[in-house]
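Here the structure is laid out as structure tokens; the discussion comes afterwards.
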Amino acid sequence: MSLVRIIALIQRHLYLYQRSLPRIMEIFFWPLMDLLVWGFITVYFQRFNIGLPRFVSFFLGALIFWDILYRAQQGISISFLEEVWSKNLLNLFVSPMRPCEFLAALMTISVGKMLTAGAASALLAWIFYSFNIFLVGISLIPFVFNLLVMGWAIGIISMSAILRYGQEAEVLAWGLGFLIQPFAAVFYPVSILPIFVQPIARMIPASYVFEGMRAVLETGAIPYESLMKAAFLNGIYLALAIRFFYYNLRIVKEKGLLLHRGTE
Amino acid sequence: MGLRVIEVNHLTKLFGNAVAVNDISFSVEEGEILGFLGPNGAGKTTLIQLLLGLITATAGEIKILGIDLIKDREAILSQVNFSSSYVSMPTSLTLWENLSVFAKLYGIKNHEGKIDSLLTLFEINHLKDSLTRNLSSGQQTRLSLAKALLNSPKILFLDEPTASLDPDIADKTRTLLKSIRNKSRTTILYTSHNMKEMQEISDRIVFLDQGEIIACGTPNEIIQNFEEENLEDVFLKIARRKVENIE
Ligand SMILES: Nc1ncnc2c1ncn2[C@@H]1O[C@H](COP(=O)(O)OP(=O)(O)OP(=O)(O)O)[C@@H](O)[C@H]1O
Ligand SMILES: [Mg+2]
């Protein structure tokens with residue numbers, strides 16, 4: 001692996017963001033909209049006293065964490081799409097750049113996007129609702145790390161599908177995360193799900209993070225066991241996602257589709 | 001005889017059941033400008049992509065600069081480069097930013113000087129801080145060619161590089177490519193549908209049709225073999241013959 005090449009690939013995206021107001025605004029726009037709409041709905045419900053003690057906190061925490069997961073994923077899939085849209089993919093793949101360097105660069109960009117978006121939504125939640133995500137305390141770090149790795153896995157899978165199937169699969173770059181959302185216990189505990197769906201939720205690392213977040217807010221106790229499970233699952237998924245990427249790269253080269261992906 | 005920088009043996013590429021490249025063998029010598037000619041769908045682009053390892057071969061062997069493509073693709077890629085009218089560079093970056101990103105990808109030391117001299121060579125130095133999206137398509141082509149020369153490649157693969165250039169710039173580009181070849185012994189593989197251009201620039205022409213080499217030689221040899229006046233007539237003869245066969 002060449003660090004210089006990884007930095008070059010990251011720099012290309014920094015140049016892009018540095019002068020693209022829409023791209024920068026996008027990082028703030030969705031968290032802002034989510035927080036405004038869902039935040040006020042929860043405050044409204046709270047007023048009728050539904051009875052859940054930390055209802056608003058749970059919801060705002062979930063929104064921030066979801067945004068973190070989503071941005072981590074997009075940091076990969078959208079950055080890849082930027083290369084497709086600019087017909088630059090072929091230029092990259094005829095350079096000495098290795099696929100693993102490409103992945104490493106996208107994963108780093110994903111960290112950057114996630115931290116920016118996470119900080120933005122945390123700040124907005126604090127401004128609008130005086131909600132302080134740092135109440136979660138030190139367990140914030142393993143939570144965020146797990147969300148990041150899961151975001152990587154989803155991002156790499158959607159990127160691989162786009163590489164393989166082209167524009168038809170582009171919707172995955174935005175949609176794949178939402179496909180998982182209902183089972184990820186984002187806004188409600190796993191126990192609410194129908195019995196037969198619960199095993200699916202248990203296979204999703206984020207479900208442990210979201211449940212853990214609620215547990216910390218409620219009791220203050222850090223759910224070490226859940227975090228371990230999430231990390232274990234994430235390790236497996238990330239490894240599978242990377243294999244999936246290499247597999248698709250091989251197929252695309254056999255079918256001669258790299259040219260089409262770069263120029264369609 | 002010069003050094004063989006490309007050796008291709010019994011190369012075949014099938015897409016499903018369709019044959020795009022059919023058991024072809026050829027070699028290219030250092031400093032040679034080799035033109036690939038052939039009707040649409042003849043297999044020129046596929047062949048270039050095979051040589052760059054962007055497409056995996058169904059069968060056959062490719063050796064570039066003495067290195068087996070399958071065994072060490074990266075060692076080859078750092079010494080060759082590619083440009084085509086169908087790829088472009090990120091449009092929201094300036095010319096200079098784009099070239100500096102690629103200079104780093106190719107591991108060029110002290111790339112500032114190199115970038116400056118290439119921008120000057122292609123007469124786009126005054127645009128170096130402009131966004132790439134503001135370039136005309138001919139200027140973008142020249143930027144893409146500048147990228148292709150960043151690593152002072154030993155072999156240059158050019159797939160229809162002059163497709164969007166005006167006759168003046170296209171002519172300048174050909175002169176430039178020839179002078180680069182003369183100065184640095186760069187080997188150039190070239191495709192174009194412009195027969196005059198091919199006749200003028202190529203030392204040797206490989207005529208492809210339906211994935212097979214149907215003629216190979218200097219432009220004059222090919223013209224004489226087919227008993228025609230020029231390459232364009234040779235091309236038409238081959239294309240029309242195909243139609244007759246179908247009818
Ligand atoms: N990815 C692919 N999948 C299936 N068939 C393909 C693929 N790429 C090329 N082909 C087929 O292989 C043959 C050769 O195509 P290629 O693009 O190499 O031709 P070409 O000589 O470059 O033509 P042109 O002059 O139009 O650029 C064509 O019949 C084409 O339809
Ligand atoms: Mg072609």
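Owing to the predicted nature of the structure, the values given are computational and were not obtained by experimental measurement. Throughout, protein chains are lettered first and strands after them, A, B, ... in sequence-line order, and every chain is numbered starting at 1.
Open room surrounds CH2 on Trp38(A); 12 or fewer heavy atoms of other groups in view lie less than 6.0 Å from it. No more than 12 heavy atoms of other residues, nucleotides or ligands sit less than 6.0 Å from atom CZ of Phe145(A). Open room surrounds NZ on Lys154(B); 12 or fewer heavy atoms of other groups in view lie less than 6.0 Å from it. Heavy atoms of other residues, nucleotides or ligands lying less than 6.0 angstrom from CH2 of Trp126(A) number 12 at most. Heavy atoms of other residues, nucleotides or ligands lying less than 6.0 angstrom from CZ of Phe232(A) number 12 at most. Counting non-hydrogen atoms of other residues, nucleotides and ligands closer than 6.0 Å to OH of Tyr247(A) gives a total of 12 or fewer. Heavy atoms of other residues, nucleotides or ligands lying less than 6.0 angstrom from CH2 of Trp96(B) number more than 12. Around CG of Leu240(A), the count of heavy atoms belonging to other residues, nucleotides or ligands within 6.0 Å exceeds 12.
In this structure, chain A has a heavy atom under 4.5 Å from the side chain of Phe102(B), while its backbone stays farther away. Neither the backbone nor the side chain of Ser20(A) comes within contact range of chain B, judged by heavy atoms closer than 4.5 Å. Heavy atoms of Arg19(A) lying under 4.5 Å from chain B belong exclusively to its side chain. For chain B, the nearby part of Gln18(A) is the side chain; its heavy atoms alone come within less than 4.5 Å. Interface remark: Ser83(B) contributes no atoms to any contact with chain A (heavy atom separation under 4.5 Å). For Arg133(B), no part lies near chain A; criterion is any non-hydrogen pair under 4.5 Å.
The NZ atom of Lys87(A) sits 12.0 Å away from atom OG of Ser144(B), with the distance rounded to the nearest 0.5 Å.
At a threshold of 4.5 Å between non-hydrogen side-chain atoms, the residues Tyr86(B) and Leu90(A) count as touching. Arg5(A) places none of its side-chain heavy atoms less than 4.5 Å from the side chain of Lys104(B). Under the 4.5 Å side-chain criterion, counting only non-hydrogen atoms from C-beta, Leu9(A) is in contact with Leu105(B).
Ranked by heavy-atom pairs shorter than 4.5 Å toward chain A, the options Ile76(B), Asn151(B), Leu54(B), Ile55(B) are led by Leu54(B). When each of Lys253(A), Gln11(A), Arg12(A) is scored by its heavy-atom pairs under 4.5 Å with chain B, the top score falls to Lys253(A). Ranked by non-hydrogen atom pairs under 4.5 Å with chain A, the options Ser84(B), Ala75(B), Ser78(B) are led by Ser78(B). Counting heavy-atom pairs closer than 4.5 Å to chain A, the top residue among Glu74(B), Gln49(B), Glu97(B) is Glu97(B). Among Glu101(A), Arg98(A), Lys255(A), Arg250(A), the residue with the largest count of heavy-atom pairs under 4.5 Å with chain B is Arg98(A).
Considering Thr94(B), Val101(B), Asn98(B) in turn, Val101(B) is the only one that fulfils the side-chain contact (heavy atoms from CB on, under 4.5 Å) rule with Tyr15(A).
Contact check on Glu254(A) versus Lys13(B) returns no salt bridge, with no Lys/Arg side-chain nitrogen under 4.0 Å from an Asp/Glu carboxylate oxygen.
In this structure, the side chain of Asn91(A) engages the main chain of Ser88(B) through a donor-acceptor pair within 3.5 Å.
Between Tyr106(B) and Ser95(A), the closest heavy-atom pair is OH-CA, 3.4 Å. Considering all non-hydrogen atoms of both residues, Leu16(A) and Leu93(B) come closest at N-CD1, 4.1 Å.
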